[in-house]
Student: 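Let me begin by handing over the structure; questions about it come next.
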Amino acid sequence: MASYEFRRIEKEWRQYWAENGTFKARDTNNQSKYYVLDMFPYPSGAGLHVGHPLGYIASDIVSRFKRHKGFNVLHPMGFDAFGLPAEQYAIQTGQHPAITTEENIKRYREQMDNIGFSFDWSREVRTSDPKYYKWTQWIFIQLFKSWYNLTSDKAEPVETLISEFETGGNGQIKAACEQTAVFSAEEWKNYSEKEQSSILLNYRLAFLSEAMVNWCPALGTVLANDEVKDGVSERGGYPVERKLMTQWSLRISAYSERLLQGLDTIDWTESIKEAQRNWIGKSVGTSLRFQLKGLEQNVEVFTTRPDTIFGASFLTLAPEHELVSAITTPEYKEAVDTYVTVAKNRSERDRMADIKNISGQFTGAYAEHPFNGQPIPVWIGDYVLAGYGTGAVMAVPGHDSRDYAFAKHFGLPIIEVVTGGDLSVESYDAKEGKLINSDFLNGLEVKDAIKKTIEEIEKKGIGKGKTNYRLRNAVFGRQRYWGEPIPMYDTDNIPKCVDEQDLPIILPEIDKYLPTETGEPPLARAKDWTYKGLPLETTTMPGWAGSSWYYLRYMDPKNDTELASKEAIEYWRDVDLYIGGTEHAVGHLLYARFWCKFLKDIDVVPFDEPFKKLINQGMIQGVSCLIYRVNDSNKFVSVNLKHQYETTPIYIDINLVSNNEVDIEKLKTWRPSEFMNAEFELENGKLICGTETGKMSKRWHNVVNPDDICNDYGADTLRLYEMFLGPLQDAKPWSTQGIEGVLRFLRKLWRLFHNNTEETFFLSDETPSKAELKTLHKTIKKATEDIDNFSFNTSVSAFMVCVNELQDAKCNKRSVLEPLCILISPYAPHIAEELWKLCGHTESIALTPWPAFNPEYLVENEFFYPISFNGKVRFNLNFALDKETSEIEKEVLSNEQTQKYLEGKAPKKIIVVKGRIINVVM
RNA sequence: GCGGAUGUGGCGUAAUUGGUAGCCGUGCCAGACUUAGGAUCUGGUGCCGAAAGGCGUGGGGGUUCGAGUCCCUUCAUCCGCACCA
């Protein structure tokens with residue numbers, strides 16, 4: 001037997017696992033289950049880089065550990081296969097996205113296989129597979145067929161709503177819905193089918209409506225709020241505009257409160273929970289109506305500070321507010337029209353970039369103060385958002401900084417109604433102080449004043465306490481090809497859903513992946529895109545549709561009659577451990593929770609939250625290398641010389657560099673046109689590059705492929721090394737400094753099982769020494785605890801300590817090394833399997849029981865106490881652990897060295913902490 | 001502005017959860033074996049100091065016999081949200 005041949009070993013064991021189905025999760029049985037899930041990847045053309053496997057390695061360690069612990073482990077993998085890049089590629093090349101996707105998946109699969117993950121590939125899912133998206137479409141139909149009853153606080157079938165309408169109209173119904181005029185049962189029955197349909201759309205959880213959407217012209221599609229960052233699209237960074245369009249949306253807002261409350265029941269990091277709380281944006285306040293002078297209409301506003309009502313000196317409406325044109329007086333019409341037009345045409349981005357510029361326009365209208373009858377001018381201003389609250393605010397410049405800025409700018413009155421600030425300098429926004437200038441509120445504290453004001457408002461019948469959420473309904477239709485078709489069709493402008501037995505509606509073939517000449521989505525190009533002879537919906541679902549429920553499909557991936565069988569869902573239930581990146585904080589993770597709650601309401605799943613525990617792995621960053629070109633020349637200078645010149649940095653491939661030294665010959669062949677005839681100014685004979693840490697990307701030429709690492713060092717080394725890099729959650733730059741140490745460790749481990757020349761496998765059956773058992777059991781304890789704490793880096797370190805100690809002890813005893821093999825197997829499964837086989841076992845190590853920890857081996861009967869004086873450790877003394885404290889004190893005091901440090905003084909007291917430390921207080 | 005995190009040797013990190021700061025690994029220094037090594041092994045390595053000793057966990061303060069760990073305050077960096085009434 002030769003030395004540690006990782007390439008051969010790893011290849012053989014991967015083959016063994018595949019052939020023997022070692023990691024197949026068993027269907028329902030009596031064994032306890034454990035469900036470990038990774039966020040499945042979108043298979044991009046770039047393949048995996050070393051950052052991707054970080055989370056997969058961690059989840060794989062947990063999975064393997066749980067198998068050793070006797071659990072039936074579900075550890076599946078699949079692909080989020082619908083998405084924009086494949087479609088963009090298709091537009092450029094004409095290549096069908098399905099083909100590109102298939103190729104990419106193949107590549108991903110190979111790369112993952114190389115790392116030796118224990119995925120149960122027999123359960124693989126792909127969101128673009130019709131057998132899969134059949135059920136994505138099915139869920140959509142269930143959403144369409146449901147409304148949200150606020151009384152029972154759950155989704156219910158639309159039939160129940162219709163029968164309510166038929167018996168009592170909609171006056172008594174409390175539902176999460178759009179504003180709908182009140183009608184009686186009689187009126188309902190007299191409505192046409194079309195009228196009824198459009199009313200029902202106001203209630204359905206999947207609904208078609210005309211709404212302001214984020215339109216991205218460059219991508220030719222609408223985007224959900226979480227797909228837009230800083231006014232540009234998250235993918236591609238293209239500008240996004242507001243546009244009024246008829247769109248399918250999901251009424252996620254109905255679930256705002258449950259999505260918020262649910263956060264308290266799950267074990268996720270505080271930062272992600274906080275991000276979701278923020279996104280949901282609950283705010284408790286009051287809605288109240290201001291009567292307009294000389295008009296019938298009133299303006300409804302939402303405020304969290306009803307107590308400041310006597311400080312309200314004007315109202316501001318969003319430019320898009322529906323009352324604007326009705327209330328504007330002829331005198332101001334032109335100015336208002338101009339303002340509204342400008343505001344509407346400004347993109348989201350411009351509006352955000354322009355926060356500091358205050359703009360607004362008086363409408364000429366006045367409202368009446370509900371308590372003192374004073375006239376209050378009505379303005380419009382784009383600092384008020386149409387989409388939040390009622391799109392109108394009562395402006396209290398004294399106690400709201402935005403109203404303050406607006407009032408200052410337009411010279412409107414600023415009234416102080418809460419004490420504590422200096423209004424000549426800034427507004428006083430704090431919810432603390434006493435009310436003044438406020439009639440019946442004078443003298444009250446803010447908290448009490450809020451209560452009192454709400455009482456008075458309700459007494460007058462002009463408003464009531466109200467809770468608002470920032471969470472907007474999610475736009476669901478995309479004007480794109482490569483996504484799930486929305487299973488809806490249209491009869492005379494009445495949207496209807498496809499019969500469930502006709503699912504899936506399969507994505508049709510089309511000639512070009514572009515919108516039609518008339519601007520319709522690509523699906524409009526499909527021949528005969530109809531259902532029952534009627535036109536099918538042409539938009540497709542967004543990327544997050546398929547990923548919102550995929551965790552359920554793994555439980556029963558081949559089921560043709562249900563998304564997963566009741567028994568499978570009942571057995572596997574929610575995900576015990578979910579690992580993935582933080583980038584999905586408010587997208588995928590919120591939508592998946594929403595769908596889970598909905599599926600609970602319609603009795604498909606028996607739980608309320610899909611992911612019990614969530615761990616976010618940190619990003620492995622790339623380190624890019626830069627060289628510096630002297631401006632207007634073909635000369636490149638070493639990094640420490642660049643301050644002498646005006647230079648431009650250029651990113652070069654990291655493979656051209658070792659230890660920050662650029663290989664100039666390689667550089668020349670890398671890009672001959674640029675470097676072949678270049679001049680280089682060196683320092684100490686070397687061209688040293690600069691470095692920069694950031695995302696790993698082709699663009700910066702800093703991508704490290706895990707395949708290369710597996711080939712050079714082995715998959716086990718890669719796995720151990722990625723874990724050894726630091727805590728899983730931390731971001732860390734990739735560096736191969738140190739990977740050698742891990743490989744060296746595995747070689748040492750290998751040698752423990754072999755004779756000195758590494759040639760022959762050799763274990764002894766002798767009884768281990770006390771010290772050897774201590775080393776082993778210390779490691780068992782640590783390895784077990786660390787996995788429970790997801791502290792994988794410290795385990796690797798513990799293995800190294802263990803192997804070092806056993807090597808020092810020249811230990812080759814079977815009863816020590818076999819358990820060690822099991823401990824290491826979740827981390828470095830290939831070498832563990834090989835050594836296990838060499839030990840004479842014929843079965844895979846994967847299901848071998850985890851070694852039991854025996855604390856007796858760690859018990860010591862004496863301890864080498866540090867003796868400290870006022871907390872400073874000076875020397876050590878050995879005492880038996882069961883020695884009386886008074887005895888220890890006596891001996892410490894009489895010790896010669898103690899006398900030296902006491903300098904003749906008497907100690908005030910002595911503190912003896914058993915097995916820890918002794919402190920002499922002087 | 002609001003919220004979340006993080007600050008420890010040259011570097012990545014560790015610390016029995018209030019008890020000897022720096023485990024493990026890199027890097028560096030020295031040595032051994034070698035024709036040779038970017039292989040392997042051994043020893044050393046927080047800083048200052050010849051030593052005794054002193055200093056040391058971003059800074060300042062506090063609680064404690066004892067603080068990297070708890071409290072207050074301050075600084076720096078990273079991430080998320082943000083005209084949300």
Side-chain angles (χ1 to χ4, degrees), chain A residues 229-230 269-279 281-283 285-286 301-305 308 316 318 351-352 354-356 358 381-385 387-396 399-403 405-406 429 468-472 582-583 585-586 618-619 658-659 720-721 724-727 729-733 735-742 744-745 747-748 751 758 778 781-782 785 791 793-804 807 864-876 907-922:
Chain A
K229 292 237 151 76
D230 301 323
T269 59
E270 203 43 45
S271 71
I272 293 244
K273 289 204 220 178
E274 201 55 38
Q276 293 212 348
R277 284 188 195 109
N278 227 307
W279 194 258
K282 181 177 184 173
S283 111
T286 309
V301 303
F302 175 75
T303 177
T304 54
R305 294 295 302 277
T308 61
T316 315
R351 227 159 126 163
M352 272 195 263
D354 217 18
I355 282 170
K356 278 173 203 107
I358 292 152
D382 71 0
Y383 80 97
V384 177
L385 302 177
Y388 183 76
T390 60
V393 301
M394 68 172 205
V396 183
H399 305 283
D400 180 285
S401 54
R402 292 148 311 178
D403 296 342
F406 196 86
D429 298 7
N468 252 324
Y469 299 89
R470 200 141 67 214
L471 184 63
R472 304 265 65 91
T582 49
E583 66 273 21
V586 292
M619 194 177 37
S658 81
N659 274 334
L720 278 167
Y721 182 60
F724 189 55
L725 235 30
Q729 292 89 339
D730 293 3
K732 46 225 151 195
S735 133
T736 38
Q737 297 266 312
I739 197 166
E740 304 271 356
V742 172
R744 230 170 263 156
F745 157 73
R747 288 214 185 99
K748 271 193 207 174
R751 275 201 300 273
E758 291 188 25
K778 188 170 81 177
K781 182 166 189 271
K782 184 87 180 121
E785 287 171 356
S791 174
N793 54 327
T794 51
S795 264
V796 178
S797 158
F799 296 145
M800 290 176 172
V801 173
C802 179
V803 167
N804 288 347
Q807 184 183 258
F864 198 44
Y865 282 92
I867 313 296
S868 63
F869 293 80
N870 286 345
K872 279 192 207 303
V873 176
R874 297 299 182 179
F875 58 94
N876 292 65
K908 286 199 187 115
K909 62 175 163 177
I910 300 183
I911 287 159
V912 177
V913 186
K914 272 257 143 78
R916 287 280 151 78
I917 199 165
I918 294 164
N919 192 18
V920 181
V921 188
M922 302 194 290

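Below, chain A is the first sequence line, B the second, and so on; all start at residue 1. Just the heavy atoms: all of them, side chains too, but no hydrogens, waters or symmetry mates, feed the values below. Since this is a predicted model, take the numbers as computed values, not measurements.
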Student: Check whether any side-chain nitrogen or oxygen of A:Tyr388 sits under 4.0 Å from OP1 or OP2 of B:A85, and answer yes or no.
Tutor: yes
Student: Is the shortest side-chain N/O distance from A:Thr794 to OP1 or OP2 of B:C24 below 4.0 Å?
Tutor: no
Student: B:A67 P sits how many Å from A:Ile917 CD1, rounded?
Tutor: 10 Å
Student: For A:Ser283 and A:Thr304, which heavy atoms make the closest approach, and how far apart are they?
Tutor: OG-CG2, 3.7 Å
Student: Please state the P separation for the pair B:C72 and B:C79 - nearest whole angstrom.
Tutor: 27 Å
Student: Would a 4.5 Å heavy-atom cut-off, applied to side chains only, mark A:Ile867 and A:Arg874 as touching?
Tutor: no
Student: Counting the atoms with a prime plus P, OP1 and OP2 as sugar-phosphate, which does A:Asn468 contact under 4.0 Å by heavy atoms, base, sugar-phosphate, or nothing?
Tutor: nothing
Student: In whole Å, measure the gap between the C1' atoms of B:G18 and B:C24 for me.
Tutor: 24 Å
Student: Kindly say if A:Lys748 contacts the phosphate of B:C24, meaning a side-chain N or O under 4.0 Å from OP1 or OP2.
Tutor: no
Student: Taking only the P atom of each, what is the distance from B:C47 to B:G22 in whole angstrom?
Tutor: 14 Å
Student: Only pairs with both distances under 3.5 Å count, Watson-Crick or wobble alike; so what is the partner of B:G68 in this structure?
Tutor: none
Student: Partner lookup for B:C11, please. Criteria are Watson-Crick or G-U wobble with both distances under 3.5 angstrom; report none if nothing qualifies.
Tutor: B:G25
Student: Would you mind reading off the distance between A:Lys872 atom NZ and B:G19 atom C1', rounded to a whole angstrom?
Tutor: 16 Å
Student: Name the pairing partner of B:G18, where a pair is Watson-Crick or G-U wobble with both distances under 3.5 Å, or state none.
Tutor: none
Student: Out of B:U42, B:G66, B:A14, which has the shortest distance to the side chain of A:Pro727?
Tutor: B:A14
Student: With nearest nucleotides of RNA chain B determined for A:Arg874 and A:Val920 from heavy-atom distances, which residue corresponds to the more 5′ nucleotide?
Tutor: A:Arg874
Student: Report the nucleotide, chosen from B:A85, B:U20, B:C24, that has the shortest atom-to-atom distance to any side-chain atom of A:Asn876.
Tutor: B:U20
Student: What integer number of Å spans the P atoms of B:C75 and B:A30?
Tutor: 46 Å
Student: Considering only B:C81, B:C65, B:A85, which nucleotide approaches the side chain of A:Trp279 most closely?
Tutor: B:C81
Student: Taking the minimum atom-to-atom distance to the side chain of A:Ser271, which one of B:G3, B:U26, B:G4 wins?
Tutor: B:G4
Student: Quick one: is A:Asn793 getting a side-chain N or O under 4.0 Å of the B:A14 phosphate, OP1 or OP2?
Tutor: yes
Student: Report the distance from atom CG of A:Asn870 to atom P of B:G66, rounded to the nearest whole Å.
Tutor: 7 Å
Student: A:Asn919 side chain: which of B:G80, B:G19, B:A85 is closest?
Tutor: B:G19
Student: Is any side-chain heavy atom of A:Phe799 closer than 4.5 Å to one of A:Lys782?
Tutor: no
Student: Which one, B:G19, B:A85, B:G12, comes nearest to the side chain of A:Val393?
Tutor: B:A85
Student: Suppose we define a pair by two distances each less than 3.5 Å, Watson-Crick or G-U wobble; what does B:U6 pair with here?
Tutor: B:A76
Student: Determine which nucleotide pairs with B:G31, using a 3.5 Å limit on both distances of a Watson-Crick or G-U wobble pair.
Tutor: B:C41
Student: Can you tell me, in whole Å, how much space there is between the P of B:C48 and that of B:A32?
Tutor: 28 Å
Student: Out of B:A85, B:G12, B:C65, which has the shortest distance to the side chain of A:Val921?
Tutor: B:C65
Student: NA contact type, A:Val801, heavy-atom cut-off 4.0 Å: base, sugar-phosphate, or nothing?
Tutor: sugar-phosphate
Student: Taking the side chain as every heavy atom from C-beta outward, state whether A:Tyr383 and A:Val393 have any atom pair closer than 4.5 Å.
Tutor: yes
Student: Using a 4.0 Å heavy-atom cut-off across all strands, classify A:Leu725 as base, sugar-phosphate, or nothing.
Tutor: sugar-phosphate
Student: Could you tell me whether the side chain of A:Asn278 has a donor or acceptor atom within less than 3.5 Å of a complementary atom in the base of B:C81?
Tutor: no
Student: Return the value, rounded to whole Å, for the distance between atom CZ of A:Arg747 and atom P of B:U40.
Tutor: 6 Å
Student: Report yes if some heavy atom in the side chain of A:Pro727 is under 4.5 Å from a heavy atom in the side chain of A:Asn793; otherwise report no.
Tutor: yes
Student: Between B:G80, B:A85, B:A5, spot the one nearest the side chain of A:Glu270, thanks.
Tutor: B:A5
Student: Watson-Crick or G-U wobble partner for B:U57, using a 3.5 Å limit on both distances?
Tutor: none
Student: Do the side chains of A:Asn870 and A:Val921 get nearer than 4.5 Å, heavy atoms only?
Tutor: yes
Student: Please work out whether B:G80 sits syn or anti, treating a glycosidic angle within 90° of 0 as syn.
Tutor: anti
Student: Between B:G56 and B:G10, how far apart are the two P atoms, rounded to whole Å?
Tutor: 16 Å
Student: Answer whether the closest heavy-atom distance between the side chains of A:Ser868 and A:Ile917 falls below 4.5 Å.
Tutor: yes
Student: Can B:U8 be described as syn, meaning its chi torsion is within 90° of 0, or is it anti?
Tutor: anti
Student: Looking at A:Arg916, I'd like to know whether one of its side-chain N or O atoms comes within less than 4.0 Å of OP1 or OP2 on B:U16.
Tutor: no
Student: Taking CZ from A:Phe799 and P from B:G25, how many angstroms apart are they, rounded to a whole number?
Tutor: 14 Å
Student: With a non-hydrogen cut-off below 4.0 angstrom, is A:Arg472 in contact with a base, only sugar-phosphate, or nothing?
Tutor: nothing
Student: Kindly indicate whether the side chain of A:Thr286, heavy atoms from C-beta on, has any atom under 4.5 Å from the side chain of A:Phe302.
Tutor: no
Student: When you check the phosphate oxygens OP1 and OP2 of B:U40, does a side-chain N or O of A:Arg744 lie under 4.0 Å from one of them?
Tutor: yes
Student: Establish, with yes or no, whether the OP1 or OP2 oxygen of B:C41 is under 4.0 angstrom from a side-chain nitrogen or oxygen of A:Arg751.
Tutor: yes
Student: Can you check the A:Ile867 CD1 to B:C65 C1' distance for me, whole Å?
Tutor: 14 Å
Student: Which value, in whole Å, describes the distance between the P atoms of nucleotides B:C55 and B:A67?
Tutor: 13 Å
Student: Tell me the partner of B:A82, counting only Watson-Crick (N1-N3 plus N6-O4 or O6-N4) or G-U wobble (N1-O2 and O6-N3) with both under 3.5 Å; none if nothing fits.
Tutor: none
Student: Closest nucleotide of RNA chain B for A:Ala392 versus for A:Asp730: which of these residues is on the 5' side?
Tutor: A:Asp730
Student: Report yes if some heavy atom in the side chain of A:Pro866 is under 4.5 Å from a heavy atom in the side chain of A:Phe875; otherwise report no.
Tutor: no
Student: Would you kindly give the CD-to-P distance between A:Glu740 and B:A39, to the nearest whole Å?
Tutor: 7 Å
Student: Once you round it to whole Å, what is the distance between P of B:G7 and CD of A:Gln729?
Tutor: 13 Å
Student: Between B:U20, B:A85, B:C24, which nucleotide has the shortest distance from any of its atoms to the side chain of A:Pro866?
Tutor: B:U20
